[in-house]
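As structure tokens, the structure follows; a few thoughts come after it.
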Amino acid sequence: MLKKTTKKNLYISESVWPLPQIVIPSPERYQLKPQSFSFGYRRYLDTKHSCSVLDAAFKRYFSILFPGYTYGDENEVFTLTISLDRHDCQGYPNQDSSERYKLSVFAGQASLNAETVWGSLRGLETFSQLVYQDDFGSYYVNKTEIEDYPQFNYRGILLDTSRHYLPVQAILKTLDAMAYSKFNVFHWHLVDDPSFPYQSQKFPDLSNKGAFHPVTHIYTQSDVRRVISYARMRGIRVLPEFDSPGHTKSWGKGQSELLTSCYRGGTPSGTFGPVNPTLPSTYQFMASLLKEVASVFPDPYIHLGGDEVDFSCWRSNPYIRAFMRKMGFGLDFSKLEAFYIEKIVNITSVLRKTSIVWQDVFDYHERRKFLSVVEVWKQGCYLCEVRRVVKAGLRVILASPWYLDQPGPTHNWARYYNVWPLAFKGTEKQKSLVIGGEVCLWGEYVDATNLSPRLWPRASAAAERLWSNERQTSCVERAFPRLQEFRCKLLRRGIQAEPLSVGHCKHEYQSG
Amino acid sequence: MNSLLGFTFILLALGSCRGLQDNDVDEEPELVFQPSKYGSLWPLPQNVQISDVSLKLSSSSFSITDAKESGAGASCGLLQLAYRRYYEYIFGGAKKQKVNRNARAGPTDLLELQVWITSPDSECDGYPSVSSDESYELTVDQPIAVLKAPKVWGALHGLETFSQLVYEDEYGTKTINSTVISDFPRFSHRGILLDTSRHFLPVKVILTNLEIMAMNKFNVFHWHVVDDPSFPYLSRTFPNLSQKGAYHPYTHVYTPADVKMVIEFARLRGIRVVSEFDTPGHTQSWGKGQTDLLTPCYSGSTPSGTFGPVNPILNSTYEFMTQFFKEISEVFPDAYIHLGGDEVSFACWQSNPDIQKFMEQQGFGKDYSKLESFYIQKLLDIVAATNKGYIIWQEVFDNGVKLKPDTLIHIWKGTPAAYQSEMARITSAGFKTLLSAPWYLNHITYGQDWPGFYKADPQDFQGTEEQKKLVIGGEACMWGEYVDATNLTPRLWPRASAVAERLWSAKEVTDTGDAFSRLSLHRCRLVERGIPAEPLTPSFCLHEYEGV
């Protein structure tokens, strides 16, 4: 019911999610026929070196546009012609990749221009959302001009594969859905206390002993490569997180002497705390592991974690206390933590990777110069924290308002929409240090059984905040029918996105 | 009994984690996984003795057969289908291989489960009812296990229990320990409510959930078919109701064939289908296909164009209801129909001058609950004439409607104190009752909420033994505002399993620690059977959900 009214009140182009920056809609429309539709490269492009990323995207989007049809090869009547300013299809998207595109549907043809292949992927997604079917099943697209670019360059989703193992298929499916909402970073929180599913080449015992199961519950090197390549095809970066010195219980199983022995009275209690920051072997191990990570993951960034370090075990250990005295740290264990993190960050820079850390590292350390990107995750006045970080001249990723593992009726999606990452007092330059935001789906109560409906379509609310112009998307009431439509599109594409309120989609989710 | 942990599972007792940080979860004593002596049995049978003697099951030699003396043989399709189902559950979907006659059975092999229906009338071709005998006795011993049950309904439960006793040893061999069980339910009505009006649920999703219900020994599917938002039930007598009132007249309706399929699928699993057609409120969608059924609301002295509850003052209303419920009573074989009766808003009735006049004529004054009672009274008579019993939501009782003594009253409102005193009132008036108030599973929170569902006991109220006997069970409700095929199954399971044990097992089974261990394994079993049942805690199952 709602669908009809939205159809009447909305231009089709308004239902594009996230909303493009500049849209000039028109009631004039052109019919599309699956048999005579094609994607094409602008002629001046050397077609002998066609772009594998785009060729794969054409295939995907053809079946999204025309479910059930195969790529037609009759005489091509309607062509979406793509041109790229830089014909580079081999690389990986990164923090500075342009995602800008121009899409023009005009006089029975469509053209899509982008600076990079990543921008053209965003444009293809937009085009796919412009095509609709009338009541008789015919396909149409309206005359439309769109110029579009993201508000923030970093638009991420964090999945936690330690608290529950997520089969590779569940990750790939999430990458698909991310592309539909124009997310561009998959923050892979690979390991944590409960399990270590990453199969390291250099330290196979980490997953042999630290994974839930050494064979079925791990990510092999080929799994990881598959995820990275699948993500690349969709213009998505894969940002690995190896969180230390806390959140490392599972590491200790396969790497002896890495974790600190906790003491009770004068003797070891048999339990272990954070990584032991006093031993040279720790840094040899970390350097070796991070070197491997740096070569396996092509992204120029690595997330080093650094959150929630519990000092009680360090405090109990006489060797740690002796080290503290030697270093002149007094009783301030945050100095010890800073000492550790600084070394890890330095190891990472030597590998020519930029580090991202959770806000704790920023909060507890006086020397902040060695940091580059801080991810703000704590609740409360998170913008106060954002302001502190940018004032220190560091870049910020905002995650606090987007902890989606907290379930709730989907109607609370507005909570994730009414977020204003730049609503703090600061200079333009400071605001430009906010590079984006991230939806976190921590895994305590989430696995492959409930991941998709818990993530979608609520994460899409965050997606629009991170992509679109704030002023054009400040009204929840206007966003609601658009998000409803978008959620139905997700269902049509096989994404298990949960309902926002009472109602229906023309094509309901069919499995299960 | 360690080897009983066929569904390998690990609980990680962890301190703070990011997700939990800023939540006011009320910190229950932490649940730690410790293997239960009852393995993965869920819900826990009334009497269980598991010995240390273990027997092996081989997919090529093991079979489920009818005992010679059984009151139901090869002609009982219900049982034959169940044998196949459980064979596949036990051997992980492996198709039955040709029985290898030459293979020697070892002294530790279990070759056969014999199913013996002890009563001459197995009820194989009947429908389950509120008074069905669901008891069974299971003896697992070398070389043959025997499942005895008076009726097929008990046999179905026994098969599920048997399948829950089978585990894999460390070499992957299917193994079962020598066991004696005698079992029966504590309550006879153990239901799940699904709402197909606020969101349409494809038939396949309903069938999947019936399947899971059987794995949890639920026996009532309360089908809240229609409500304000849509009318997906395709009525043969009044096809316009779904033609105009469904979200879509073809893709979002339940045809008579669909309904039949649901009922038969449920019957084959010992589950009753109790349909609800809620009136006089919650009926917006009815009005689209049936003119003059709903009350026109007025603003000032003119009709506002909107409609309220069913119009209780027109004869045509009752003629419609008579025909409609005649159809319903024929389509749904169950002895009960749920008539709703909840949340009637009086504002529209108050605005309508014809209704006001009628109120005066009847001497109701300004008391619109009297008008509601007037309507319900007539409706109950109409339904009584179809020889069906009826269930109604608690408001009907609260409003003082005269009810037939065999009316079943369904409690859904309020805090524990409120619903407990309601139960006391209803049972002291001599009525039978059903509890749902603590089991609104559509309400979700962060973390583990199943212990709350688990601890709610339907007989926990001030009353005599006689009164307590009037509580015939309860239902877990999954209202559909925010639920459809995309999230129904993980939202319902394994949370509803907590309710299942409360309604099946003995009152004294209240150890949440033991329950946690069994439920964790039960959840992994559901996942292994292809059900997306969500996790209870950070943990893993040997076989994770693959249906992504």
Side-chain angles (χ1 to χ4, degrees), chain A residues 1 160 162-167 169-170 172-173 192-195 212-213 216-217 247 249 307-308 310 377-380 403 405-411 440 442-454 456 491 495-504 506-512, chain B residues 8 10 12 14-23 197-202 204-205 208 228-230 246-248 251-252 442-448 480-491 493 526-527 531-548:
Chain A
M1 277 179 315
D160 168 1
S162 173
R163 292 184 175 85
H164 284 99
Y165 176 80
L166 297 174
Q169 194 51 40
L172 302 186
K173 189 104 189 188
D192 205 301
D193 288 328
S195 77
F212 284 136
H213 187 284
T216 58
H217 287 60
H247 288 283
K249 286 223 179 349
D307 59 318
E308 299 183 312
D310 177 18
W377 67 273
K378 291 190 181 177
Q379 312 295 307
Y403 265 40
D405 54 317
Q406 322 265 335
T410 353
H411 69 217
C440 296
W442 294 104
E444 278 85 350
Y445 303 103
V446 176
D447 71 2
T449 62
N450 58 356
L451 171 87
S452 283
R454 193 151 293 182
W456 310 107
L491 290 196
I495 302 300
Q496 220 173 320
E498 66 178 14
L500 291 155
S501 76
V502 173
H504 79 292
K506 196 168 162 197
H507 301 279
E508 300 287 0
Y509 183 72
Q510 278 304 338
S511 193
Chain B
T8 310
I10 285 184
L12 300 129
L14 297 173
S16 85
C17 356
R18 252 179 241 108
L20 276 167
Q21 193 100 32
D22 50 299
N23 257 278
S197 173
R198 292 180 175 88
H199 284 99
F200 179 77
L201 297 174
K204 198 177 155 205
V205 177
T208 300
D228 287 329
S230 77
Y247 284 133
H248 187 283
T251 59
H252 287 61
N442 48 303
H443 295 155
I444 50 176
T445 51
Y446 186 77
Q448 300 198 57
E481 279 85 351
Y482 304 105
V483 176
D484 71 2
T486 62
N487 57 357
L488 170 69
T489 306
R491 192 159 291 188
W493 308 103
L526 294 178
V527 170
I531 307 300
E534 66 177 20
L536 298 170
T537 53
S539 62
F540 77 106
C541 301
L542 200 56
H543 304 275
E544 299 288 359
Y545 183 63
E546 296 288 353
V548 185

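Numbered from 1 within each chain, the chains take letters A, B, ... in sequence-line order. In this text, all values refer to a predicted model and were calculated from it rather than measured experimentally.
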Q | Side chains of A:V502 and B:S230 in contact at under 4.5 Å (non-hydrogen atoms) | A | no
Q.
Quick check for you: among A:S162, A:G443, A:A497, which has the greatest number of heavy-atom pairs under 4.5 Å with chain B?
A. A:A497
Q: Could you pull out the closest heavy-atom pair between B:T486 and A:P499, with the gap in Å?
A: OG1-CD, 3.6 Å
Q) Which pair of non-hydrogen atoms, one from A:Y509 and one from B:A485, has the smallest distance, and what is that distance? A) O-CB, 3.7 Å
Q | Nearest heavy-atom neighbours spanning B:E546 and A:P167 | A | OE1-CB, 4.5 Å
**Q.** Contact origin within B:P202 toward chain A - heavy atom pairs under 4.5 Å
**A.** side chain
Q | Approximate separation, where rounding is to 0.5 Å, of B:D484 CG and A:L491 CG | A | 6.5 Å
**Q.** Distance (rounded to the nearest 0.5 Å) between B:I444 CD1 and A:R454 CZ
**A.** 6.0 Å
(Q) Between A:E508 and B:H252, does the side-chain contact (heavy atoms from CB on, under 4.5 Å) criterion hold? Intermediate values first, please. (A) CA-CA 9 Å; A:E508 300 287 0; B:H252 287 61; 2.8 Å; yes
Q.
What part of B:V527 gets within 4.5 angstrom of chain A, counting heavy atoms only: side chain, backbone, both, or neither?
A. side chain
Q: Against chain B, label A:L172 side chain, backbone, both or neither, depending on which of its atoms sit under 4.5 Å from a heavy atom there.
A: neither
Q. What class does the angle between the rings of B:F540 and A:F212 fall in, given that below 30° is parallel, 30 to 60° is tilted and above 60° is perpendicular?
A. parallel
(Q) Measuring from atom OG of B:S539 to atom OH of A:Y445, what distance do you get when rounded to the nearest 0.5 angstrom? (A) 10.0 Å
Q: List the atom of A:N450, the atom of B:E534, and the distance in Å for their closest heavy-atom pair.
A: ND2-OE1, 3.0 Å
Q. What are the two closest heavy atoms between B:C541 and A:H217, and how far apart are they?
A. O-NE2, 2.9 Å
**Q.** Any side-chain donor near an acceptor of the partner, B:E544 and A:H164, under 3.5 Å
**A.** no
